Number of protein chains: 2
Amino acid sequence: MNHPENHNLSDAQNELYEWIKSYIRDFNHSPSIRQMMQAMGLRSPAPIQSRLKHLQQKGFISWQEGKARTLQIVDEVLGGVPIMGSVAAGGLIETYSDVNENLDFSEILKKKNIFALTVNGDSMIDACIADGDMVLMEKITDSYSLRNGTIVSAMVPGLGTTLKYFSKKNGKIFLEAANPLYEPIELNLDEVIIQGKLLAVWRRV
Amino acid sequence: MNHPENHNLSDAQNELYEWIKSYIRDFNHSPSIRQMMQAMGLRSPAPIQSRLKHLQQKGFISWQEGKARTLQIVDEVLGGVPIMGSVAAGGLIETYSDVNENLDFSEILKKKNIFALTVNGDSMIDACIADGDMVLMEKITDSYSLRNGTIVSAMVPGLGTTLKYFSKKNGKIFLEAANPLYEPIELNLDEVIIQGKLLAVWRRV
DNA sequence: TGTATTAGAGTACATTTGTTTTATTTTTGA
DNA sequence: TCAAAAATAAAACAAATGTACTCTAATACA
């Protein structure tokens with residue numbers, strides 16, 4: 001589907017390839033050659049090895065030689081969703097292109113210093129962050145490297161935590177909402193702890 | 001971290017548990033017992049077996065008996081991000097709670113009939129879908145089950161594809177933007193193909 | 001202190017599993 | 001049609017691997 005050379009696969013190779021992918025999806029580990037053999041209705045491991053070799057040569061799979069169940073789908077991005085193109089949200093001008101990319105969550109999910117927060121309220125609505133959204137934040141250790149205009153989750157001891165635009169000027173920290181109904185907050189450096197900066201927004205409908 | 005009974009683990013068990021998790025993160029497959037043995041600086045597989053048994057009894061891991069490298073982290077949600085609580089976006093009222101949940105992408109990623117689109121334009125801005133956002137769509141086979149008010153990607157043959165609110169009334173289909181600048185589109189049933197309905201919105205910052 | 005419990009080392013074994021080899025069958029292509 | 005290539009079956013092998021067992025050392029506990 002998402003592999004450019006998928007058409008180079010023979011039927012048998014493609015069937016095996018698809019089966020392996022679905023097995024890994026279901027069990028979270030690679031099948032053994034004899035399992036593949038059985039699934040393909042064969043009574044010998046040799047054909048499977050041959051197909052695996054071809055799949056490997058064509059760049060579809062890889063494994064650690066001699067190690068059991070180490071097979072891996074090469075370009076199956078963990079948490080990838082095929083991107084079918086772009087869509088107009090301003091008129092009927094664009095159409096699906098056959099861009100074969102993947103929306104890749106794994107990149108962000110591999111980071112260890114990220115966490116998620118549920119958004120309460122609408123103070124960031126003009127930044128398109130709505131009530132109920134999940135925000136993925138990256139933990140901040142030093143707020144010195146933060147650029148003005150970054151969206152951060154900031155904790156003011158004794159008051160609580162909030163999601164705001166961050167800026168720093170003349171030794172003061174300003175926390176600004178993306179909603180004119182809310183007033184900016186001005187704080188001294190030691191009155192606020194910046195906990196994380198915004199990496200991504202996620203909204204289930 | 002995200003397991004409620006993590007404190008029930010001995011140091012040795014916890015060290016092994018963390019090592020296994022990082023190994024699986026790195027290699028996408030389970031380590032073998034002898035690899036664990038080596039990583040823990042042991043010269044016998046017996047201690048590893050004992051620790052694995054304890055980890056299993058406490059519900060941290062599972063595996064298929066007798067099968068190589070089938071070990072699995074039980075509550076490690078594929079594509080999970082720890083949810084640290086909620087954050088106020090409307091004032092300083094909320095604080096991190098120690099909710100130990102996971103933002104779970106795997107649920108949606110397991111579906112086979114989903115695809116992603118890049119959003120162009122601002123016609124859905126009032127629905128908090130901005131230019132450049134990725135929308136995750138679920139393929140629609142029959143538009144009859146669609147509820148009015150659903151956001152869909154619709155293709156009007158000869159014109160293109162667009163992201164709009166869907167509604168149906170008196171045998172007509174209406175596609176409405178979430179932006180007063182855009183006029184609703186009225187179409188006959190056979191003039192439009194509904195390709196997918198909105199499942200989620202993803203925005204990298 | 002002495003005993004019970006646990007952890008670890010060492011060893012051994014059976015199964016799983018990747019790999020190789022050879023012969024046979026099927027498919028392919030000229 | 002016929003020869004070459006590929007696929008498959010069958011068997012065997014060796015390495016990897018999970019598991020079980022015994023013995024020793026460390027630890028906990030009363």
Side-chain angles (χ1 to χ4, degrees), chain A residues 5-74, chain B residues 5-24 26-74 76:
Chain A
E5 304 163 38
N6 226 353
H7 303 292
N8 288 354
L9 294 182
S10 74
D11 286 350
Q13 289 163 7
N14 193 60
E15 187 193 358
L16 177 62
Y17 180 58
E18 293 297 330
W19 184 85
I20 292 172
K21 284 203 288 188
S22 86
Y23 183 98
I24 293 180
R25 239 196 322 279
D26 291 343
F27 295 100
N28 275 322
H29 61 250
S30 160
S32 70
I33 288 185
R34 279 165 181 83
Q35 284 177 318
M36 302 180 214
M37 185 187 87
Q38 204 168 337
M40 296 296 112
L42 302 173
R43 283 178 293 177
S44 156
I48 297 296
Q49 283 177 263
S50 153
R51 294 172 196 180
L52 289 179
K53 203 172 219 170
H54 286 134
L55 284 169
Q56 183 206 34
Q57 281 168 350
K58 292 174 183 172
F60 287 82
I61 60 173
S62 69
W63 68 88
Q64 279 177 250
E65 215 167 298
K67 301 297 167 75
R69 296 173 185 273
T70 56
L71 193 143
Q72 218 175 321
I73 305 293
V74 166
Chain B
E5 303 161 38
N6 227 353
H7 302 293
N8 287 354
L9 294 182
S10 74
D11 286 350
Q13 288 162 9
N14 194 60
E15 188 194 357
L16 177 61
Y17 180 57
E18 293 298 329
W19 185 85
I20 292 172
K21 285 203 288 187
S22 87
Y23 183 98
I24 293 180
D26 291 343
F27 295 98
N28 275 323
H29 61 249
S30 161
S32 70
I33 288 184
R34 280 166 182 83
Q35 284 178 317
M36 303 181 213
M37 185 186 88
Q38 203 167 339
M40 295 296 111
L42 301 174
R43 282 178 294 179
S44 156
I48 297 295
Q49 286 174 257
S50 153
R51 292 172 199 181
L52 289 178
K53 202 173 218 169
H54 286 134
L55 284 169
Q56 183 205 32
Q57 282 168 350
K58 291 173 183 174
F60 286 82
I61 60 173
S62 68
W63 69 89
Q64 279 177 249
E65 214 168 299
K67 301 296 166 78
R69 297 173 183 270
T70 55
L71 194 143
Q72 217 175 322
I73 305 294
V74 166
E76 176 92 333

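A, B, ... follow the sequence lines: proteins, then strands. Residue 1 opens every chain. Every value quoted in this text rests on a predicted model; they were computed, and no experiment measured them.
- Taking five base pairs at each end of the helix from C:dT1-D:dA30 to C:dA30-D:dT1, the local helix axes there meet at an angle of 40°, rounded to 10°.
- If you check C:dT19, C:dT17, D:dT19 against the side chain of B:I33, the one that comes closest is D:dT19.
- Looking only at distances, no side-chain donor or acceptor of B:R51 sits under 3.5 Å from a matching main-chain atom of B:Q13.
- By the 6.0 Å contact criterion, CD on A:Q57 is enclosed, its count of non-hydrogen atoms from other residues, nucleotides or ligands being greater than 12.
- Shown are A:M36, A:Q56, A:Q64; of these, the side-chain contact (heavy atoms from CB on, under 4.5 Å) with A:L71 is made only by A:M36.
- Here the CD atom belonging to A:Q72 is positioned 10.0 Å from the CZ atom belonging to B:F27, to the nearest 0.5 angstrom.
- Atom CD in A:E65 sits about 18 Å away from atom P in C:dT17, given to the nearest Å.
- Within the 4.0 Å cut-off from OP1 or OP2 of C:dT16, not a single side-chain nitrogen or oxygen of A:S32 is found.
- One can place CD of B:Q49 at 14 Å from C1' of D:dT22, the figure rounded to the nearest angstrom.
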Enumerate the protein-to-nucleotides 6-8 of chain C contacts in which both atoms are nitrogen or oxygen and the separation is below 3.5 Å.
unit_1 : atom_1 : unit_2 : atom_2 : d
C:dG8  : OP1    : B:R51  : NH2    : 2.5
C:dG8  : OP2    : B:R51  : NE     : 3.4
C:dG8  : OP2    : B:R51  : NH2    : 2.8

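- With values rounded to the nearest 0.5 angstrom, B:R43 atom CZ is found 9.5 Å from B:M37 atom CE.
- Considering only side-chain N and O atoms, A:R34 lies nowhere under 4.0 angstrom from the phosphate OP1 or OP2 of C:dT16.
- Side-chain proximity of A:P45 to the nucleotides C:dT19, D:dT17, C:dT17 is greatest for C:dT19.
- Between the CG atom of A:D11 and the C1' atom of C:dT28 there is a distance of 15 Å, rounded to whole Å.
- In this structure, the CH2 atom of A:W63 is 16 Å from the P atom of C:dT17, given to the nearest Å.
- Distance NE2 (A:H29) to P (C:dT17): 9 Å, rounded to an integer number of Å.
- Rounding to the nearest 0.5 angstrom, the gap separating the OG atom in A:S30 from the CZ atom in B:R69 is 10.0 Å.
- Interatomic distance, CH2 of B:W19 versus CD1 of B:I24, reported as 9.0 Å (0.5 Å rounding).
- Atom-to-atom, NZ of A:K67 to C1' of D:dA15 comes out at 10 Å; the value is rounded to the nearest Å.
- Per the geometry, CG belonging to A:L52 stands 9 Å off P belonging to C:dG18, to the nearest Å.
- Between the P atom of D:dT19 and the CE atom of B:M36 lies a distance of 10 Å, rounded to the nearest Å.
- Counting heavy atoms of neighbouring residues, nucleotides and ligands inside a 6.0 Å radius, atom CG of B:D11 does not exceed 12 of them.
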Assess whether side-chain contact (heavy atoms from CB on, under 4.5 Å) is satisfied between A:L52 and A:I20, documenting all intermediate values. CA-CA 10 Å; A:L52 289 179; A:I20 292 172; 3.9 Å; yes

